[in-house]
Amino acid sequence: LFELFQTLWDGKWKIILTTFVAAIIGVVFSVVKPNSFEVSAPIQNGRTSVFIPYTPINDLLKINQFSLLIDQNSLFKMFIVEFNDYEEMVDVVGTSELVQKSIKDLDVDDKKKALIGFAKAFELKAPSNNEENWTLSFEWHDDLEGMRLFNDAIEQTLLSVKNDVKDSLDELANSIETRNTLTLESLNNKLGALIENQKGTDNQRLQFLSEQSVIAKELGIEMNKLDSNALSQSSNNSISLSVNSNDIPYYLRGYRAIDTEIRLIKNRTDEDRLLTAEGYVETLEKIRTVERDLAPYHLRKTSELIANDNPNDWVEFDLAIADVKSQKKSMLYVALSIVLGGMVGAM
């Protein structure tokens with residue numbers, strides 16, 4: 001060991017020189033190497049108060065069992081999905097001078113791939129088991145520029161979500177209106193069929209009454225010859241009659257009553273016929289229900305409200321308080337250079 005240390009002491013200037021040169025190289029490397037910053041900040045859905053104006057339309061959407069809801073959780077999920085397609089992020093990173101210089105000599109396909117690679121430096125990280133909020137995270141050569149790019153991309157993403165929600169509401173309103181129009185056409189056709197069916201029923205009744213009137217006139221039965229009191233008394237005394245009311249000849253009512261019934265049937269309007277038609281009241285109620293359906297109106301009013309709303313309030317984040325970590329470790333580079341230089345000199 002003494003001889004080893006004696007040898008190292010004799011070559012101490014070589015060790016010092018190589019260590020000094022290595023230190024200079026480490027300093028130069030730390031200066032020349034581009035710096036980058038890792039930035040992270042929490043992001044969460046907007047406050048509940050922001051979505052209070054949409055409470056009535058959400059109730060309507062739930063009643064009609066639509067999957068679309070305009071609340072803090074639904075819109076935040078839409079925001080996450082929209083951001084993760086990187087369409088807005090690709091557009092934004094293309095405005096960076098560094099990126100523009102990096103891709104200026106590439107062809108169209110390579111430029112697209114390069115932009116996607118730059119865009120993937122910006123992430124939305126899902127919360128871990130011990131966390132509640134999502135995290136904005138990116139690594140970029142300039143932390144301030146990175147924050148600006150991320151902020152612009154988030155604003156564009158929220159604008160896309162806003163337009164998607166507005167378009168969905170408009171499409172839903174149009175769909176309901178189309179459905180209601182088809183339903184009304186079907187119900188009105190049903191009313192027409194009820195009128196025709198009732199006309200047929202009335203014609204059959206008129207034919208029957210005409211024959212009964214002729215018989216009554218032939219028999220000279222002008223007034224009603226049915227003893228309703230006797231029939232009622234027999235029924236009350238539990239006397240079983242051999243015939244029921246359907247078996248009793250209708251002409252016994254007298255031709256005056258029959259002719260009056262004929263005249264009333266002939267003087268019926270289509271509306272009067274509908275009132276006597278089976279299923280008319282139910283069909284009319286359905287028509288009135290469809291005509292009073294205000295869902296398309298409320299959907300379009302909500303679409304207008306969405307158009308005038310500020311989507312930046314739909315999520316909450318603040319890059320001004322983000323955690324910024326420099327990835328350039330100059331002291332570590334210099335220390336490793338000194339150690340490496342000393343080892344080379346000793347060898």
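This structure is a prediction, so every number in the text was calculated from the model and none was measured.
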### Task
Dump the intermediate steps for salt bridge (Lys or Arg N to Asp or Glu O under 4.0 Å) on D293 and R288, then the final yes or no.
CA-CA 9 Å; D293 187 3; R288 290 173 177 172; over 6 Å; no

So does [Y] get a backbone contact from the side chain of [X], meaning a donor-acceptor N/O pair under 3.5 Å?
X: D309; Y: P311; answer: no
X: N203; Y: K199; answer: yes
X: S74; Y: I70; answer: no
X: S213; Y: L209; answer: no
X: T55; Y: I52; answer: yes
X: T95; Y: V92; answer: yes
X: T201; Y: N197; answer: yes

salt_bridge([X], [Y]) N-O dist < 4.0 Å:
X: E278; Y: K190; value: no
X: E38; Y: K325; value: no
X: D107; Y: K111; value: no
X: K162; Y: E82; value: no
X: K301; Y: E304; value: yes

### Message
With side chain to side chain contact (heavy atoms under 4.5 Å, CB included) as the criterion, how do V339 and M343 come out once you've worked through the C-alpha distance, each side chain's angles and the decisive distance to 0.1 Å?
### Response
CA-CA 6 Å; V339 173; M343 291 174 62; 4.0 Å; yes

### Task
Give the intermediate values and the outcome of salt bridge (Lys or Arg N to Asp or Glu O under 4.0 Å) for residues R292 and E285.
CA-CA 11 Å; R292 289 194 293 261; E285 183 61 30; 3.7 Å; yes

Spacing of [atom1] belonging to [X] relative to [atom2] belonging to [Y], to within rounding of 0.5 Å:
X: Q207; Y: Q212; atom1: CD; atom2: CD; value: 11.0 Å
X: E291; Y: T183; atom1: CD; atom2: OG1; value: 11.5 Å
X: F79; Y: D164; atom1: CZ; atom2: CG; value: 13.5 Å
X: M78; Y: S160; atom1: CE; atom2: OG; value: 10.0 Å
X: L299; Y: L60; atom1: CG; atom2: CG; value: 5.5 Å

### Query
Between S96 and L149, is a side chain to side chain contact (heavy atoms under 4.5 Å, CB included) present by the stated rule, with each step listed?
CA-CA 8 Å; S96 171; L149 295 176; 4.3 Å; yes

If you measure only the distance, is there a donor-acceptor pair under 3.5 Å linking the side chains of [X] and [Y]?
X: Q156; Y: D152; value: no
X: R179; Y: N174; value: no
X: N189; Y: E185; value: no

Quick one: do [X] and [Y] end up in the same hydrophobic cluster if we chain Ile, Leu, Val, Met, Phe, Trp and Tyr together by side-chain heavy atoms under 4.5 Å apart?
X: I215; Y: L252; result: yes
X: I103; Y: I116; result: yes
X: L159; Y: W314; result: no
X: Y280; Y: L184; result: yes
X: L206; Y: I258; result: yes

### Message
Please list all pairs meeting salt bridge (charged side-chain N to carboxylate O under 4.0 Å, His left out) that have one or both residues in residues 166-176, counting only residues at least two apart or in different chains.
### Response
K166-D170

Are [X] and [Y] side-chain neighbours, meaning at least one heavy-atom pair lies under 4.5 Å?
X: V39; Y: W140; result: no
X: L75; Y: N45; result: no
X: D142; Y: F37; result: no
X: T135; Y: E123; result: no
X: Q44; Y: Q72; result: no
X: I262; Y: D259; result: yes
X: N188; Y: L191; result: yes
X: L264; Y: N267; result: no

### Task
Pick out which of F150, F76, F122 makes a ring-ring contact (aromatic ring centres under 6.0 Å, His included) with F83.
F150

### Query
Would I221 and Y255 satisfy side chain to side chain contact (heavy atoms under 4.5 Å, CB included), going step by step from the backbone distance to the final call?
CA-CA 7 Å; I221 303 175; Y255 63 81; 5.6 Å; no

### Query
Does R205 count as lying over the ring of Y250, i.e. NZ or CZ under 6.0 Å from the six-ring centre, within 45 degrees of the axis?
yes

### Task
Measure from the ring center of W134 to the ring center of F317 and say whether it is less than 6.0 Å.
no

### Query
Less than 6.0 Å separating the ring centroids of Y86 and F118?
no

### Query
Does the salt bridge (Lys or Arg N to Asp or Glu O under 4.0 Å) test come out yes or no for R300 and E177, once each step is laid out?
CA-CA 11 Å; R300 288 200 170 90; E177 282 187 341; 2.8 Å; yes

### Task
Step by step, work out the side chain to side chain contact (heavy atoms under 4.5 Å, CB included) result for Q6 and D10.
CA-CA 6 Å; Q6 184 64 44; D10 292 340; 3.1 Å; yes

### Task
State, to 0.1 Å, how close G94 and L115 come at their nearest heavy-atom pair, and which atoms those are.
CA-CD2, 3.9 Å

